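Here the structure is a predicted model, which is why all the values come from computation and not from measurement. Residues: numbered from 1 along the sequence shown.
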Amino acid sequence: MFETVEGGFLDIEVRISGPDQKVIYQGEKESSGKYTFSAYETGIYHYCFSNKMSTLTPKVVMFSMEIGDAPKGTVGAVNEGEAGHTKLEDMIRELSGTLTSIKHEQDYMHVRDRIHRSINESTNSRVVMWSFFEAIVLIVMTVGQVYYLKRFFEVKRVV
């Protein structure tokens with residue numbers, strides 16, 4: 001599962017390739033996605049998130065990868081006790097999957113909160129600096145006007 005959380009139009013290129021460099025999944029201009037696949041071979045699988053289309057805008061990508069067990073098939077006859085057992089196992093797997101998706105959503109919200117907090121702090125510091133700049137300009141203008149008016153009303157005597 002991946003999601004672009006910051007930068008530009010939130011679009012990236014995604015590529016997943018297997019140990020033999022065979023492309024398993026490829027997508028362009030995607031902002032989020034969830035892809036599930038079964039490993040067909042042991043080895044290192046590569047995940048590539050590319051920003052080639054907008055190199056001037058940096059992107060922040062949040063992704064998670066989960067490795068699970070192979071799905072268990074029903075081989076042979078299933079008796080009554082095993083059927084109940086597999087139904088309970090299925091319910092537990094479904095509950096586990098739901099809890100995992102909730103955890104991913106919480107992680108995503110945490111990242112978004114951190115990003116928005118940094119934006120707010122940056123904006124706040126800019127507002128403070130602008131206020132100091134305005135105060136300094138007002139003080140300089142006041143001193144300049146007082147000096148100008150004082151010189152304007154000076155009486156110059158010609159001897």
Side-chain angles (χ1 to χ4, degrees), residues 1-73 86-152:
M1 184 173 80
F2 67 93
E3 183 150 4
T4 309
V5 293
E6 182 181 354
F9 293 113
L10 303 177
D11 55 344
I12 57 171
E13 295 177 7
V14 182
R15 189 177 74 241
I16 302 173
S17 57
D20 57 353
Q21 304 304 320
K22 180 181 174 187
V23 176
I24 298 171
Y25 175 76
Q26 187 167 356
E28 294 181 5
K29 295 185 179 182
E30 295 189 11
S31 59
S32 65
K34 184 175 184 179
Y35 186 73
T36 305
F37 66 94
S38 297
Y40 58 88
E41 184 178 327
T42 59
I44 298 174
Y45 288 78
H46 299 274
Y47 298 85
C48 179
F49 300 102
S50 175
N51 190 24
K52 288 181 183 176
M53 64 186 109
S54 63
T55 57
L56 298 176
T57 306
K59 307 275 173 84
V60 176
V61 178
M62 181 184 86
F63 76 97
S64 64
M65 176 185 67
E66 290 189 27
I67 300 172
D69 295 330
K72 298 190 185 328
T86 57
K87 185 174 182 181
L88 181 61
E89 285 178 350
D90 291 342
M91 291 173 62
I92 290 173
R93 277 193 205 103
E94 182 181 342
L95 183 61
S96 176
T98 306
L99 288 174
T100 302
S101 67
I102 290 171
K103 182 186 179 305
H104 288 305
E105 189 69 24
Q106 285 178 336
D107 291 342
Y108 171 70
M109 290 299 169
H110 178 70
V111 168
R112 295 290 293 189
D113 179 55
R114 189 175 50 198
I115 290 168
H116 289 294
R117 187 179 310 271
S118 70
I119 291 170
N120 286 337
E121 288 173 359
S122 171
T123 305
N124 185 31
S125 66
R126 288 180 183 182
V127 168
V128 167
M129 295 305 277
W130 181 252
S131 298
F132 281 132
F133 175 72
E134 283 182 333
I136 289 170
V137 168
L138 285 174
I139 291 170
V140 168
M141 291 290 291
T142 303
V143 169
Q145 286 178 353
V146 168
Y147 177 72
Y148 177 75
L149 287 174
K150 187 176 177 183
R151 288 200 41 142
F152 183 75

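- Atom OG1 in T4 sits 10.0 Å away from atom CE in M62 (nearest 0.5 Å).
- Checked against side chain to side chain donor-acceptor pair (under 3.5 Å), Y147 has the following partners two or more places apart in sequence or in another chain: R151.
- T98 contributes a side-chain N or O that, together with a main-chain N or O of E94, makes up a donor-acceptor pair within less than 3.5 Å.
- Shown here are the ring pair (Phe, Tyr, Trp, His ring centres under 6.0 Å) partners of F133, two or more places apart in sequence or in another chain: W130.
- For S64, the side chain to side chain donor-acceptor pair (under 3.5 Å) partners two or more places apart in sequence, or in a different chain, are H104.
- The shortest non-hydrogen separation linking G18 to Y40 is CA-OH, 3.6 Å.
- Residue E3 holds its CD atom at 7.5 Å from CZ of R112, rounded to the nearest 0.5 Å.
- Annotation: side chain to side chain donor-acceptor pair (under 3.5 Å) contacts of N51 (sequence neighbours excluded): S54, K59.
- Rounding to the nearest 0.5 Å gives a distance of 13.5 Å between CG of N124 and CD1 of I119.
- With rounding to the nearest 0.5 angstrom, the CE atom of M65 is 13.0 Å from the CE atom of M1.
- Taking the ring pair (Phe, Tyr, Trp, His ring centres under 6.0 Å) definition, one finds that Y25 meets it with Y35, sequence neighbours left out.
- With rounding to the nearest 0.5 Å, the separation of CD in Q26 from CD1 in I16 is 10.5 Å.
- Other residues, nucleotides and ligands contribute only 12 or fewer heavy atoms inside 6.0 Å of the CD1 atom of I44.
- Other residues, nucleotides and ligands place more than 12 heavy atoms under 6.0 Å from the CD atom of Q21.
- Without hydrogens or angle criteria, S122 side chain to S118 main chain gives no donor-acceptor distance under 3.5 Å.
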Exercise for review: Evaluate side chain to side chain contact (heavy atoms under 4.5 Å, CB included) for D113 paired with M109, printing each intermediate quantity in order.
Suggested key: CA-CA 6 Å; D113 179 55; M109 290 299 169; over 6 Å; no
**Study point:** Audit row: K87, D90, salt bridge (Lys or Arg N to Asp or Glu O under 4.0 Å) steps and yes/no
**Key:** CA-CA 5 Å; K87 185 174 182 181; D90 291 342; over 6 Å; no
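- Distance check: R93 CZ to L95 CG gives 12.5 Å after rounding to the nearest 0.5 Å.
- The shortest heavy-atom contact between P19 and T42 is CG-O, 3.8 Å.
- By the ring pair (Phe, Tyr, Trp, His ring centres under 6.0 Å) test, F49 is found to be paired with F2, F63, residues two or more places apart in sequence or in another chain being considered.
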